[in-house]
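Notes to accompany the following structure.
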There are 4 protein chains.
Amino acid sequence: MANTKHSRSAKGTASGSTRSQIEAAAIRLFAEKGVTETSIRDIGAAVDITEGALYRHFHSKDQLVRLLFERHYIAFAERLEALAATEHTAREKVAAMIRGFCAAHDEDPRLFRFLLFVQHGQLGKLAPGAPTPVDAVRAVVDAGIAAGEIPRQDPDLATALVFGVVLQPVQFSAYGRIAPEMTPLSGHLEAAAWAALTAV
Amino acid sequence: MANTKHSRSAKGTASGSTRSQIEAAAIRLFAEKGVTETSIRDIGAAVDITEGALYRHFHSKDQLVRLLFERHYIAFAERLEALAATEHTAREKVAAMIRGFCAAHDEDPRLFRFLLFVQHGQLGKLAPGAPTPVDAVRAVVDAGIAAGEIPRQDPDLATALVFGVVLQPVQFSAYGRIAPEMTPLSGHLEAAAWAALTAV
Amino acid sequence: MANTKHSRSAKGTASGSTRSQIEAAAIRLFAEKGVTETSIRDIGAAVDITEGALYRHFHSKDQLVRLLFERHYIAFAERLEALAATEHTAREKVAAMIRGFCAAHDEDPRLFRFLLFVQHGQLGKLAPGAPTPVDAVRAVVDAGIAAGEIPRQDPDLATALVFGVVLQPVQFSAYGRIAPEMTPLSGHLEAAAWAALTAV
Amino acid sequence: MANTKHSRSAKGTASGSTRSQIEAAAIRLFAEKGVTETSIRDIGAAVDITEGALYRHFHSKDQLVRLLFERHYIAFAERLEALAATEHTAREKVAAMIRGFCAAHDEDPRLFRFLLFVQHGQLGKLAPGAPTPVDAVRAVVDAGIAAGEIPRQDPDLATALVFGVVLQPVQFSAYGRIAPEMTPLSGHLEAAAWAALTAV
DNA sequence: GATGAATGAGAATTCATTCAT
DNA sequence: GATGAATGAATTCTCATTCAT
């Protein structure tokens, strides 16, 4: 009953099921090295199981990537939608979403970067109707323009501006050019995003 | 009349030296699929030569990547510096640089994406003193803050805002969410960037 | 009855673990063709596994070579030392070692040739303090000179003479110029070696 | 008409025809690294010509190896025969040949090692009647036994003893274990070889 | 659930050789 | 005679995946 051959507690923090350990390790490695650069073996090693054992939990590497991406991407989209629903003006909705971006980043920077930067070619594979963070922001922009709170402009471009204002600082923080936490910047980013949106 | 062994005209556009064809194909493929996802064989096939022949022109895949990145990255940085030098106020300098970003993108969108999105891994390998686009923008921001034209703020974060405003629309255009050309948007982006910079 | 995918009995003698079969095949091929001339694929084919499977057992070709060389080279050196320790006079020690050379050769001529002829390139990679056959013989020569049993001379040259007397016949046997077994010659070689050592 | 692009004087000592430079470089590289480990390109680089140009002088790498080996191997055999012919007793003949080995080594150690150590698999390809150094020594041994100067024994083994006494010190010198020159040792080696031959 | 050996398809790279210029 | 680009096969090594135990 004691530890067999490979103690599990060496690397993994022994927390959670093997499956969730695998998912956490995969996200971390995907974010750090990229999907292609991470091998099934790398993931197994991080959780102290062999490659073969991984296939007990996932059909393929591709399925693992898709699964992780979809689940968290959609969850993040819904989180943004919920945050926007809390507020009433476009300005407040945008601000709430930006705070949501910052919070999500600070809670799990690796997951955040996996979802928003890592080239996984999974975007095109999302179910057609699934909500995305881009949709969430765009819906707020659309409504804001319709309500006259935001000047008339290409809503997709406006959405890009909001994303740019929030995502580029994340990149800079990943490269160590600015501090690692986004939340302290959220006030500044809210103002910058709103200014960009209304600068036409 | 048919293709003979050495005819190069099948796929390659028969334009330029083999070497420059290789470089163009490599940039295109790197931008489209990523560096790791592009094999030497892929590049060779795009130029209609065998893998081995590539090594007549480049010592290794790594050298090819580094070469392409460094050459164009530094050239782009210098181009931005030169554009900024044309103007006198911070606002005009920022505007000129944004126009430069848009023009560079429209001239060769694949190269632009290779430099700005795909190859972050190469950033650390640049010669220490080499100028970068980030430096170019930051220098303008620094001067603008010193001159009181831009409100006092973290210059790195300010630089990130400018990059975000211009880079995220490029991402959206690559995904087909907005029109492929950046230049028509440059006026809008100039205004948005300046608004973001002065929103504190 | 026919070969199934995983049957190992076709070429390999089905004896021992895959790992030891690989080692045996590698030594045989290295001795017959040389290390560079033996490909990983050759070794795999001799054991009826694919190239990739070899890497489950060895990290690299280089590691395989080094491993085989070190293990057996040091073991042979220790064997010679032990044989010398059995005897009391220099003459008897030399004779015992030469018998050891002959016995080792006859037990596994391929291993013997791999160690003594093929892998000189590995000599420099041995751990600094590791015992070698050369050291073993030289120690006996040193002691013999010190004890006055062997005439004063360059001990390294004297060591070379012993090696030459025993190794060159091995070469000749490999080329079919003399009989394949060394043991029947050991008496003759003992006398010749001692004569060479004392001929100054 | 002056030096074009690649000056020839950089590495090659500009001595002799291109062809003889190639041969010298090939022998050197073969002796230093081995035949398989030396590429056509290596040889070309050593003489400052391109790979293609080499094929103007030799049909193939194999032919180059064969050519170099045969020519010098036979020449060395004839040299040994001539030396033996100078003397009248077996003892003097053996001594003269050993002096010949030492002289040949010291004149061109690389050539010597290429002929006598490097794995080139060329021995079997020699024309059947061609004289070899082994034949030269064996002939002297045969005659010596017939004349009663050397005790009755296997002449091939006796030949091996002579080779061993002279070749092993060359190996040791190549590894830096003894001084690089053989000629100073020839007296010692003569005595050792004769002692080994007559030790039965 | 997990192990560990194995497969088979690439990947990057090297190399002998050829050939148009 | 020489260049330099090209071929095509071979080499070492990696990797996603499978499967008997």
Side-chain angles (χ1 to χ4, degrees), chain A residues 4-6 8 17-19 36-44 47-64, chain B residues 4-8 17-19 22 36-44 47-64, chain C residues 4-8 17-19 22 36-44 47-64, chain D residues 4-6 8 17-19 36-44 47-64:
Chain A
T4 50
K5 220 169 171 186
H6 292 277
R8 193 63 32 72
S17 65
T18 299
R19 172 155 183 145
T36 310
E37 291 80 2
T38 299
S39 72
I40 285 289
R41 190 175 223 165
D42 289 336
I43 300 172
V47 183
D48 213 13
I49 62 175
T50 58
E51 309 143 87
L54 263 159
Y55 285 85
R56 200 54 62 167
H57 299 279
F58 301 97
H59 293 335
S60 69
K61 184 182 177 184
D62 202 64
Q63 190 227 20
L64 172 57
Chain B
T4 53
K5 218 170 171 186
H6 288 267
S7 128
R8 195 70 27 74
S17 64
T18 298
R19 172 159 181 141
I22 291 172
T36 311
E37 293 79 3
T38 299
S39 73
I40 286 289
R41 184 186 290 252
D42 288 336
I43 300 171
V47 184
D48 211 16
I49 61 176
T50 57
E51 304 154 82
L54 262 155
Y55 287 86
R56 177 77 41 185
H57 302 279
F58 300 96
H59 291 336
S60 68
K61 183 182 177 181
D62 203 64
Q63 189 224 19
L64 172 56
Chain C
T4 53
K5 218 172 172 185
H6 288 267
S7 131
R8 195 71 29 71
S17 65
T18 299
R19 172 158 182 144
I22 292 171
T36 312
E37 293 79 3
T38 298
S39 72
I40 285 290
R41 183 187 291 251
D42 289 335
I43 301 172
V47 185
D48 211 15
I49 60 175
T50 57
E51 304 154 79
L54 263 155
Y55 287 87
R56 175 77 41 182
H57 301 279
F58 300 97
H59 292 336
S60 68
K61 183 182 178 182
D62 203 64
Q63 189 224 21
L64 171 57
Chain D
T4 50
K5 219 170 175 187
H6 294 276
R8 191 64 31 73
S17 64
T18 299
R19 170 154 184 146
T36 310
E37 291 80 2
T38 299
S39 72
I40 285 290
R41 190 174 223 166
D42 289 335
I43 301 172
V47 184
D48 215 11
I49 61 176
T50 58
E51 309 142 87
L54 264 158
Y55 285 86
R56 201 55 61 170
H57 299 279
F58 302 96
H59 294 335
S60 70
K61 184 182 176 183
D62 202 64
Q63 190 226 20
L64 172 58

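Each chain gets a letter, A, B and so on, in the order the sequences are listed, and its residues count up from 1.
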(request) Find the distance C:K61:NZ to E:dT13:P and express it as a whole number of Å. (result) 19 Å
(request) For DNA chain F, find the residues of residues 36-44 of chain B with a heavy-atom distance under 4.0 Å and give them by number; none if there aren't any. (result) none
(message) So, does D:T18 get its side chain near the phosphate of F:dG1, meaning an N or O under 4.0 Å from OP1 or OP2?
(response) no
(request) Using Watson-Crick or G-U wobble pairs with both distances under 3.5 Å, give me DNA chain F in dot-bracket, 5' to 3', with [ ] for crossers and | for pairs to another strand. (result) .||||||||||||||||||||
May I have the list of side-chain donor-acceptor pairs in residues 54-63 of chain C shorter than 3.5 Å, sequence neighbours left out?
unit_1, atom_1, unit_2, atom_2, d
C:S60, OG, C:D62, N, 3.4
C:S60, OG, C:Q63, N, 3.0
C:K61, NZ, C:V35, O, 3.0
C:K61, NZ, C:T38, O, 2.7
C:D62, OD2, C:R66, NH1, 3.2
C:D62, OD2, C:R66, NH2, 3.1
C:Q63, OE1, C:H59, N, 2.9

(request) Mind calculating the distance between CG (C:D62) and C1' (F:dC13) to the nearest angstrom? (result) 13 Å
(message) Rounded to whole Å, please give me the gap between CG in D:L64 and P in E:dA16.
(response) 11 Å
(request) Nearest whole angstrom, please: distance from the P of E:dT13 to the CD of B:Q63. (result) 10 Å
(message) According to side chain to side chain contact (heavy atoms under 4.5 Å, CB included), who are the partners of D:T50, at least two apart in sequence or on a separate chain?
(response) D:A53
(request) Under the side-chain hydrogen bond (donor to acceptor under 3.5 Å, both in side chains) rule, collect the residues that match up with B:R19, sequence neighbours excluded. (result) B:E23
(request) With the side chain of C:T50 defined as its heavy atoms from C-beta on, choose the nearest nucleotide among F:dT7, E:dT7, E:dT3. (result) E:dT7
(request) Find the distance A:E51:CD to F:dT18:C1' and express it as a whole number of Å. (result) 11 Å
(request) Could you check which residues of residues 53-60 of chain B get a heavy atom under 4.0 Å from DNA chain E? Sort them by number, please. (result) B:Y55, B:S60
(request) Write down the distance separating the C1' atoms in F:dT21 and E:dG1, rounded off to the nearest Å. (result) 13 Å
